[in-house]
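Here is the structure we will look at.
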Amino acid sequence: MTRWLAGVALALGLVAGVGIRTTPLSAQRAATEQAPQRIVSLVPATTEMLFDMGAGSTIVGVGSYDRFPPEVAKLPRLGGLLDPSIEQLLALKPDLAVVYGTQADLQRQLERGRIPIFSYATTDLSQVASTMRALGARIGRASDGDAAARRVEARLAAVRARVAGRPRPRTLLVFGREPGTLRGINASGGFGFMHDLLELAGGADALADVKQASVAMSSEMVLARAPDVIIELHYSDEWPASRIEAERRIWASLSSVPAVKTNRVHMLSGDEFVVPGPRVPLAAERLARVLHPEAYQ
Amino acid sequence: MALLACLLGPLVGSTSISLVRVFDRSIAYADNLDAQIFFVARLPRVLAAALVGSALAMAGVVFQALLRNPLASPDTLGVSAGASLGAMLAITFNANLAIVGISAVPIASFAGSLGALAIVYGLSAVRRSGTSTMVLLLGGVTLTALLSAVMGLVQFMADFTQTFRNTRWLMGSLDVASYAPLVGALVPMVLAWVGLATLPRALDLISLGADSASARGVDVRRTERVALVSASLATGAAVSLAGPVAFVGIVIPHLVRLVVGADHRLVLPGSALLGAALLIACDIVARTIVAPLELPVGIVTAIAGGPVFLWLLFRRA
């Protein structure tokens, strides 16, 4: 099954690859010679990266999931991963469109409109810095991109150093659940950017052996995995502290789980945990503070 | 009666065998967590499967008899779609109401099923007794299409994580993780059982035709309403508990009729037992086939139920 899916993904990737190669060379060359002045970025991570490397003023449109930095609130929204609005996008006359690598249809349409593309595909933590460098180079700010990437790398290294040599608690990183009950639990599996963040912050992923980025868990699986720490991420809307505490207490019914027994169930709010951009060090640090509070005293 | 008992034996057996297997697996998982896994994770889940399986199967029997249509199922009259829409609204708009330990999604889902039931009931009330069931059937199909379109609209307004949760919900899940939702679902189900218990003889006659039924002294309108409300309550409770679990409601009644014939005094309880047993079995498959992960049970029932139903159709043809 997995292999079959991989085959399909590969086929789709090839189609996208062929599509990219048909871009007129002249358009590509022109784009690399001139620094783009009107950028649309449908990907929250790249929007943050562009702002971080000082190119925020060149952004003329963002995706529907962009929330950070606050400046994006004033920019036109052009849809998201599944529903990009090609009309609105073309109307902005961008000279660079940053889109998801999987948006093959959109990419073909943009090529027909002679709009240069930066195709985004980040799956693990190390690619955050490399994407920053590539994006910086693409917009004629190679040194700014490199500096931003170095900042991320240095801060991540600092977190790693803080927790080095400490015992690594088996941790379940939950990023989705039906509120008010222990149903529909989704947790980070054995690869991907969240898994990398967790491991860097000094946790041992309780689902490290499950080679999926997202794992749908039953209550039985949580009991059987018996994590020492449960960290639940909350993002995409604001909850008052009382609601967060109420949701945290939902886990109490699994009283045999070590994390519940030792009161190590934590709720962390903020979208830095789900955006693989320049705020990943902040996410890593917040995870590390929860996993190793003694290291931050 | 003897025949009934003979039929009940193996059916109850298949349920308890499933329970034994459930218990065996908890020993194999061998941990000091055994008891918790059994009582927190498994037992509510098996009970949910039994409730949902029996409710959907009985609702299927009633709808097939009432509409005199072998393709009728708990989904046919839009009650199931109403429940789905309610759940999706709760997920998408982050409803935050929890009543005695039951979270917002099942509550909204049950409310949705009641809304759909009200519309269908209105349809059945305006049409005169003895006219074709076509009105009810077409009304139900139209209502389902309408509600599906609204669901599409709600999906469109949902953000990425909500869309994901909506899709997952539509796959069905029996992992209820506590007893409160079960108790909540029991309330409408007990009402439904009481209503259904009065039906078998009248359904036998109605499935032969409304005219001949009323000639034999059946109050057709009253029976139809009791049947409609009971079966819809059972469906609404089942869907709000586990999501739209496919095929149980359409395939089980046919299977049971193959074994016991058309007598509703046998078909109705037989379907309840077989529905419960089969859904428990499907859930065991869902939990074990990709271990340590778990499949949504709705996928298993549809993949297993689809071919069975096709086979039934070929056999009939």
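- Using a 4.5 Å cut-off on side-chain heavy atoms (C-beta onward), Arg183(A) and Val176(B) make contact.
- Only the side chain of Leu81(A) comes within less than 4.5 Å of a heavy atom in chain B; its backbone stays farther off.
- No other option in Arg165(B), Arg168(B), Arg45(B) has as many heavy-atom pairs under 4.5 Å with chain A as Arg165(B).
- Looking only at heavy-atom pairs under 4.5 Å with chain B, the residue among Asn186(A), Leu207(A), Ile185(A), Ile250(A) that has the most is Asn186(A).
- Proximity to chain B (any heavy atom under 4.5 Å) is shown, for Phe175(A), by neither the backbone nor the side chain.
- Listed options Ser64(A), Pro179(A), Gly176(A), Gly189(A) were ranked by heavy-atom pairs under 4.5 angstrom with chain B; first place goes to Pro179(A).
- In this structure, CD on Glu178(A) lies 6.0 Å from CD1 on Ile91(B), to the nearest 0.5 angstrom.
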